[in-house]
Visitor: 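Sending over a structure as structure tokens; questions will come in a sec.
Basis for what follows: all heavy atoms, side chains included, without hydrogens, waters or symmetry-related copies. Throughout, a chain's letter reflects where its sequence line sits, starting with A, and its residues are numbered from 1.
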Protein chains: 2
Amino acid sequence: MPRIVGERKDALKGIAEVFRVHGFDGASLSLISEATGFGKGSLYHFFPGGKEEMAEAVLSDIDHWFEQQMFAPLRESGRPREAIGDMIANVERYFQSGQRICLVGAFALSDVRDRFASRIADYFTAWRQALSYALQRAGHAVAHADALAEDAVAGIQGALVASRAFNDRAVFARVLAAIAARLLAEPA
Amino acid sequence: MPRIVGERKDALKGIAEVFRVHGFDGASLSLISEATGFGKGSLYHFFPGGKEEMAEAVLSDIDHWFEQQMFAPLRESGRPREAIGDMIANVERYFQSGQRICLVGAFALSDVRDRFASRIADYFTAWRQALSYALQRAGHAVAHADALAEDAVAGIQGALVASRAFNDRAVFARVLAAIAARLLAEPA
DNA sequence: GTCTATATGGAGATAGAC
DNA sequence: GTCTATCTCCATATAGAC
């Protein structure tokens with residue numbers, strides 16, 4: 001008997017989770033089918049382009065979420081220092097203290113990087129720019145703000161790798177705290 | 001006609017490269033066969049445990065290389081600040097300005113982490129300890145040295161992710177320079 | 001829109017001749 | 001120690017009934 005009628009967006013969260021845990025290559029359609037509750041037929045109905053189209057949709061979804069929850073506040077807040085503090089707290093929550101990795105970062109490190117290169121670069125570029133702009137409004141010179149922002153965005157990825165490597169979420173907390181301290185230090 | 005007789009160690013570099021580029025799952029025996037010049041028969045003769053044993057051997061090889069080239073000098077040099085500077089230069093060279101990723105870091109981020117958890121943790125732990133010890137001899141208090149070392153080890157991984165994400169080796173150079181500046185700052 | 005059945009290819013791994 | 005042939009399994013993707 002057919003399940004309740006669904007739509008494309010209902011599958012996205014489950015697909016994202018499978019890509020996050022198993023990577024693009026390791027994300028088999030069986031796993032995706034299990035995680036979403038949709039059969040292969042339905043999945044190909046929603047995503048005729050197969051896994052590639054699923055990954056595009058997931059990356060687009062993540063981009064949208066970060067834009068709204070992380071980047072826009074950094075760009076628009078009247079209290080830039082506060083917005084930076086909120087970003088750190090959001091990072092801690094979103095990545096679950098390092099227990100959950102960054103799908104975009106993992107793709108960047110893997111052999112599918114070239115296939116999704118522009119989406120990956122856009123995500124990181126938007127983050128760096130939004131953070132740099134907040135730092136500038138907080139009183140930093142442009143060049144210094146750019147450097148700090150780039151260092152922080154990279155540092156967060158490093159914190160994720162390291163906390164998984166050490167298998168210790170405390171590592172994530174400590175490295176993130178060090179990044180926060182650099183971002184929130186008084187402008188020279 | 002059979003090729004010149006080889007041995008296990010002749011295959012390691014090629015196998016490592018395939019794992020680095022394609023990840024554990026993406027590293028098919030065909031690719032490994034092509035990269036090493038050995039047929040599947042020979043590969044299974046050298047590594048009866050298949051891909052798993054190949055990965056163990058590669059990780060062990062990398063561990064050995066880093067121990068000799070990077071960790072031992074950090075632990076033993078009479079000029080710790082100089083040793084730290086050398087480490088940065090070695091990192092720049094080894095990872096080819098971010099064009100070459102860290103196999104251990106990539107494994108840590110992927111779903112094979114649990115399978116090789118202790119080797120991965122050992123590699124990062126040895127690095128962190130060796131660097132912290134050099135920082136202590138350079139005049140830092142133990143707690144500060146530990147924190148600086150952890151931040152730097154994580155930061156290098158982040159620099160690799162970011163430079164691939166931005167597809168810009170200048171990112172690697174800049175982030176690595178920022179890490180070096182923190183490591184070489186005068187002790188408080 | 002959902003499902004089952006199936007096509008086709010390539011995966012990891014093994015056997016055995018040389 | 002090397003190779004080719006082969007086994008089995010599961011991958012992505014498709015076709016078509018409901």
Visitor: What's B/Gly41 touching, base or sugar-phosphate or nothing? Going by heavy atoms closer than 4.0 Å.
Guide: base
Visitor: Which nucleotide in the list D/dT14, C/dG1, D/dA11 gets nearest to the side chain of A/His45?
Guide: C/dG1
Visitor: Rounded to the nearest angstrom, tell me the gap between atom CZ in B/Phe38 and atom P in D/dG1.
Guide: 10 Å
Visitor: Just the rounded figure in Å: distance from P of D/dT6 to CG of B/Leu29.
Guide: 19 Å
Visitor: Would B/Arg75 pass as a cation-pi partner of B/Phe71, given that its NZ or CZ must be under 6.0 Å from the six-membered ring centre and within 45 degrees of the axis?
Guide: no
Visitor: Indicate whether OP1 or OP2 belonging to D/dA11 is found under 4.0 Å from a side-chain N or O atom of A/Ser30.
Guide: yes
Visitor: Looking only at non-hydrogen atoms, find the nearest pair between A/Arg81 and A/Ala138 and report the distance.
Guide: CG-CB, 4.0 Å
Visitor: Side chain of B/Lys51: nearest nucleotide among C/dG12, D/dA13, D/dT2?
Guide: C/dG12
Visitor: Rounded to whole angstroms, how far apart are NE2 on B/His22 and P on C/dA11?
Guide: 11 Å
Visitor: If the cut-off is 4.0 Å, is B/Tyr44 near the phosphate of C/dT14, judged by side-chain N/O to OP1 or OP2?
Guide: no
Visitor: Does A/Ser42 make a side-chain N or O approach to OP1 or OP2 of C/dG1 shorter than 4.0 Å?
Guide: no
Visitor: In whole angstrom, give the distance that lies between atom CZ of B/Phe47 and atom C1' of D/dG1.
Guide: 14 Å
Visitor: Please name the pair of heavy atoms, one in B/Gly98 and one in B/Phe172, separated by the smallest distance, quoted to 0.1 Å.
Guide: N-CD2, 3.5 Å
Visitor: Grab the CD-C1' distance between B/Glu7 and D/dT2 for me, whole Å please.
Guide: 15 Å
Visitor: Is there a donor-acceptor contact under 3.5 Å from the side chain of B/Ser60 to the main chain of B/Glu56?
Guide: no
Visitor: Rounded to the nearest Å, what distance is computed from the CD1 atom of residue B/Ile32 to the P atom of nucleotide C/dA11?
Guide: 11 Å
Visitor: So does B/Glu53 have more than 12 non-hydrogen atoms from other groups sitting under 6.0 Å from CD?
Guide: yes
Visitor: The side chain of B/Lys40 lies closest to which of these nucleotides: D/dT12, C/dA13, D/dA11?
Guide: C/dA13
Visitor: Compare the minimum distances between each of C/dA13, C/dT2, C/dA11 and the side chain of A/Phe46, then state the nucleotide with the smallest one.
Guide: C/dT2
Visitor: Could you state the atom-to-atom distance from CG of A/Asp25 to C1' of C/dG10 in whole Å?
Guide: 13 Å
Visitor: Return the value, rounded to whole Å, for the distance between atom CZ of B/Phe24 and atom P of C/dA11.
Guide: 14 Å
